[in-house]
Amino acid sequence: MSILGHLQPQGVFRFFEEICGIPHGSHNLDQISDYLVNFAKERGLRYRQDEAKNVIIWKDGTHGYENSDPVILQGHMDMVAVKEADCAKDMTVEGLDLAIDGDLLLAKRTSLGGDDGIAVAYALAVLDDDTLEHPPLEVIITTNEEVGLLGAAAIDVSDLKGRLFLNMDSEDEGVFTISCAGGLRADCSFGFEREVKKAAVLELRLDGFKGGHSGAEIHLGRANAIVALGRILLAERENPEVSLVSVSGGEADNAIAVFADAALAVASDKVEQVIDTLKRSFDEIVQEYSSVDPDIRLTMKERGEKDVEVLTGNAASQVMAFLGLMPNGVQRMSPEVEGLVQTSLNPGILATQEKEICVSFSVRSSCETEKHALLNRLRVLTSLNGGCVDTYGDYPGWEYKADSRLREVMVEVYKQQYGEEPVVEGIHAGLECGLFAQKLAGLDAVSFGPQMQNIHTTRERLSISSTQRTWELLCSTLKALK
């Protein structure tokens, strides 16, 4: 039974509900990509699916628009698939459980994937509706945007004719984005060996963190659970009675970590002393972040003495040093644009594997030299602690275009619909527009979207009324591009 069938615009929410029924977290996109192909086949539309599972769909212009400049509609098919710690849903094989709370659409106990499922739904609704007036359309739906814009980097767009580019991957209604930062993912890895030690096991859990998008919300100064874990572990780095068993935390490099875990092997007669030290360190963090992250908490459980495998030699000390000293958050604000972050990084995933511990960072900057200088800092700090760094998905920023026909048309359409001027700005988050601007000379792009809250978290919400208004804005813009 449909949950969204009564909502308007009906076509948009029908497709969005179908998308939500298909698992589509990053790197798990075969089903959703094939769904898009079948959509095109069923309607007799020309399409192309590449090896990276990107999909492009073409549709001719409507009567009177046949010779208009083609318009590209663009979004990405993957979502940041996160769930509450005790949620039993397997997001790799199960769809989402949708619910409505007044004007807000959500998924029960998981992220919603409005970023960027709503863009896909908009595009499909346009392609499906033969009553709309529009120029020739080229719809690009990319893969693995959330893990480094990988689909956009791989896609071949040499056969596309459009240069008017509507990216529908923004989360603030009334805001037109016209430039963005570049970025990359950096994985800092530390190898280790293990030995068996007889000790009590102390399990740590840090949670209750607000989290958020590591680009759009990094300036809010929220606590990062992985950083907090590193800070309290640093106090035990030189304690000979404490050994490291494992650490973990976070779920996506571009999401501010909302939880972190650690297991420590502690001499039985020192457990209470270690607990007190950890609590004091964490209480300092609680106090410092009380106004922006008031619900963070630390819980600890002692599992009793047993034979436990711990990291040997200097490995634990080096990992604890790195976690305690690693840079995090805003590194520099823009000297030219007030309030805009220029350079930042976010440790979003911490994982203990069989032979190594890995910390995954999202590194961002609108200044290429600063981005790579920050990466070099990570390389040196990692190397000094016995590790190495691998990078992925290095993508360029998207530069402001002074002469933009598309921006002028959209601003005028917005004023007619809303009776006020939109906000036109650059952002610190990464968008695929930069990569497409490299591939399509002369690209004229604007990014926009309906109102969303807390993307990349289980508190993600999509405004239903904003979705309808943004649909009307999209349709009116297409009509105005004759």
Contacts table for residues 175-184: side-chain donor-acceptor under 3.5 angstrom, sequence neighbours left out:
none

Exercise for the section: Please answer whether the main-chain N or O of Asp207 pairs with a side-chain N or O of Arg297 as donor and acceptor at a distance below 3.5 Å. Expected result: no
Handout entry: Donor + acceptor pair across side chains of Ser447, Asp169 (<3.5 Å)
Key = no
Practice task
Please list all pairs passing the side chain to side chain donor-acceptor pair (under 3.5 Å) test where one or both residues lie in residues 85-99, with sequence neighbours left out.
Solution key: Asp86-Arg109, Lys89-Asp97, Asp90-Thr92
Problem - Set of ring-ring contact (aromatic ring centres under 6.0 Å, His included) partners for Phe436, sequence neighbours left out - result: Phe165
Practice task
Output every pair passing salt bridge (charged side-chain N to carboxylate O under 4.0 Å, His left out) with a member in residues 449-472, not counting sequence neighbours, ordered by first then second residue.
Solution key: Glu173-Arg469
Problem - Side-chain donor-acceptor contact under 3.5 Å, His76 with Asp115 - result: yes
Practice task
Measure up the Phe16 and Phe13 rings against each other and bin them: parallel (under 30°), tilted (30 to 60°), perpendicular (over 60°).
Solution key: perpendicular
Name the atoms and distances for all side-chain donor-acceptor pairs under 3.5 Å in residues 382-398, with sequence neighbours left out.
from   : atom 1 : to     : atom 2 : distance (Å)
Thr382 : OG1    : Leu378 : O      : 2.6
Asn385 : ND2    : Leu381 : O      : 3.0
Asp394 : OD1    : Lys371 : NZ     : 2.6

Exercise for the section: Indicate the ring-plane relationship of Phe322 and Phe361, choosing parallel, tilted or perpendicular according to the 30° and 60° boundaries. Expected result: perpendicular
Exercise for the section: Without swapping roles, check the side chain of Ser33 against the backbone of Lys53 for a donor-acceptor pair under 3.5 Å. Expected result: yes
Practice task
Apply side chain to side chain contact (heavy atoms under 4.5 Å, CB included) to Leu264 and Leu233, showing your working.
Solution key: CA-CA 10 Å; Leu264 304 176; Leu233 290 181; 4.0 Å; yes
Completion exercise
Residue set satisfying side-chain contact (heavy atoms from CB on, under 4.5 Å) with Ile285, at least two apart, ordered chain then number -> Ala228, Arg231, Ile232, Phe282, Tyr289, Ile296
Practice task
Give a yes or no answer on whether the side chain of His428 reaches the backbone of Val341 with a donor-acceptor pair at less than 3.5 Å.
Solution key: yes
Completion exercise
By side-chain contact (heavy atoms from CB on, under 4.5 Å), Glu421 pairs with (sequence neighbours left out) Val411, Lys415
Problem - Results of side-chain contact (heavy atoms from CB on, under 4.5 Å) for Asp307 - residues two or more places apart only - result: Val196, Lys198
Exercise for the section: Quick one: which residue pairs count as a side chain to side chain donor-acceptor pair (under 3.5 Å) with a foot in residues 247-263, not counting sequence neighbours? Expected result: Glu146-Asn254, Arg205-Asp261
Practice task
Any pair with a residue in residues 316-326 that passes salt bridge (charged side-chain N to carboxylate O under 4.0 Å, His left out), sequence neighbours left out, goes on the list, sorted by first then second residue, please.
Solution key: none
Fill in the blank from the handout: Sequence neighbours excluded, the answer for ring-ring contact (aromatic ring centres under 6.0 Å, His included) partners of Tyr400 is none
Problem - Main-chain N/O of Val82 paired with Ser111 side-chain donor or acceptor, under 3.5 Å - result: yes
Fill in the blank from the handout: So salt bridge (charged side-chain N to carboxylate O under 4.0 Å, His left out) across residues 186-196, not counting sequence neighbours, yields Arg185-Asp187, Glu193-Lys355
